Amino acid sequence: MPDVVALPLHEAEKLLSAYGWDYQVVRISSAYRHDTIENCLMEEYVVRQQELADHKILLSTIMKRRKEVLEYGLQN
């Protein structure tokens, strides 16, 4: 079973598909607010994985803000 913990969900999905694993996603509520802040994007990350029957994985995810950084520093 590939380890996908700490990866963004979209990367974890690609990796699991490449290895032929089916998966199910459950979003855990986190302390982060879901409103948009300038120069921050919300991204879903895998925080837990559990192997289920029939070659399937349960992925638990949270939403996290990711700051966009330009060549000269943070966006204004």
Side-chain angles (χ1 to χ4, degrees):
M1 171 174 66
D3 185 14
V4 295
V5 173
L7 291 178
L9 180 59
H10 65 90
E11 289 181 26
E13 290 173 327
K14 286 180 191 175
L15 186 62
L16 291 172
S17 293
Y19 280 96
W21 284 82
D22 290 327
Y23 58 89
Q24 179 180 348
V25 178
V26 175
R27 184 178 295 162
I28 300 171
S29 104
S30 65
Y32 287 102
R33 295 184 323 207
H34 295 280
D35 54 336
T36 304
I37 294 178
E38 190 175 326
N39 78 332
C40 288
L41 299 173
M42 294 298 288
E43 191 163 12
E44 197 166 5
Y45 283 86
V46 178
V47 292
R48 194 175 308 138
Q49 73 182 48
Q50 177 183 359
E51 187 172 356
L52 303 175
D54 299 328
H55 206 64
K56 194 170 190 177
I57 297 177
L58 176 64
L59 301 176
S60 300
T61 64
I62 60 167
M63 296 300 289
K64 184 175 179 184
R65 287 191 184 103
R66 192 188 81 193
K67 289 189 176 185
E68 287 296 308
V69 179
L70 302 175
E71 293 176 20
Y72 53 86
L74 292 176
Q75 287 181 333
N76 292 332

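Please read these numbers as outputs of a predicted model, since none were measured by experiment. Computed from heavy atoms alone, side chains included, the values below leave out hydrogens, waters and symmetry copies.
- Follow the hydrophobic side-chain contacts under 4.5 Å out from L9 and you never reach M63; the two are in separate clusters.
- We find the CG-CZ distance between L58 and R48 to be 9.0 Å, quoted to the nearest 0.5 Å.
- At least one side-chain heavy atom of M1 sits less than 4.5 Å from a side-chain heavy atom of I57.
- Using a 4.5 Å cut-off on side-chain heavy atoms (C-beta onward), L59 and L16 make contact.
- Rounding to the nearest 0.5 angstrom, the gap separating the CZ atom in R27 from the OG atom in S60 is 12.0 Å.
- Linking Ile, Leu, Val, Met, Phe, Trp and Tyr residues whenever their side-chain heavy atoms come within less than 4.5 Å places Y23 and Y19 in a single cluster.
- One hydrophobic cluster, built from ILVMFWY side chains closer than 4.5 Å, cannot hold both L7 and Y45; they sit in different ones.
- Looking at V47 and I28, their side chains come closer than 4.5 Å, going by heavy atoms from C-beta outward.
- If you take CD on E44 and OG1 on T61, they are separated by 3.5 Å, rounding to the nearest 0.5 Å.
- Considering only heavy atoms from C-beta on, Q49 comes within 4.5 Å of D3 through its side chain.
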Practice item. Decide yes or no on side-chain hydrogen bond (donor to acceptor under 3.5 Å, both in side chains) for E43 and H10, but give the supporting numbers first. Key: CA-CA 9 Å; E43 191 163 12; H10 65 90; 3.1 Å; yes
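- Side-chain contact between E51 and K56 is absent, with no heavy-atom pair separated by less than 4.5 Å.
- Note: D54 CG to W21 CH2 = 10.5 Å, rounded to the nearest 0.5 Å.
- Considering every non-hydrogen atom in both L15 and P2, the closest pair reads CD2-CB, 4.2 Å.
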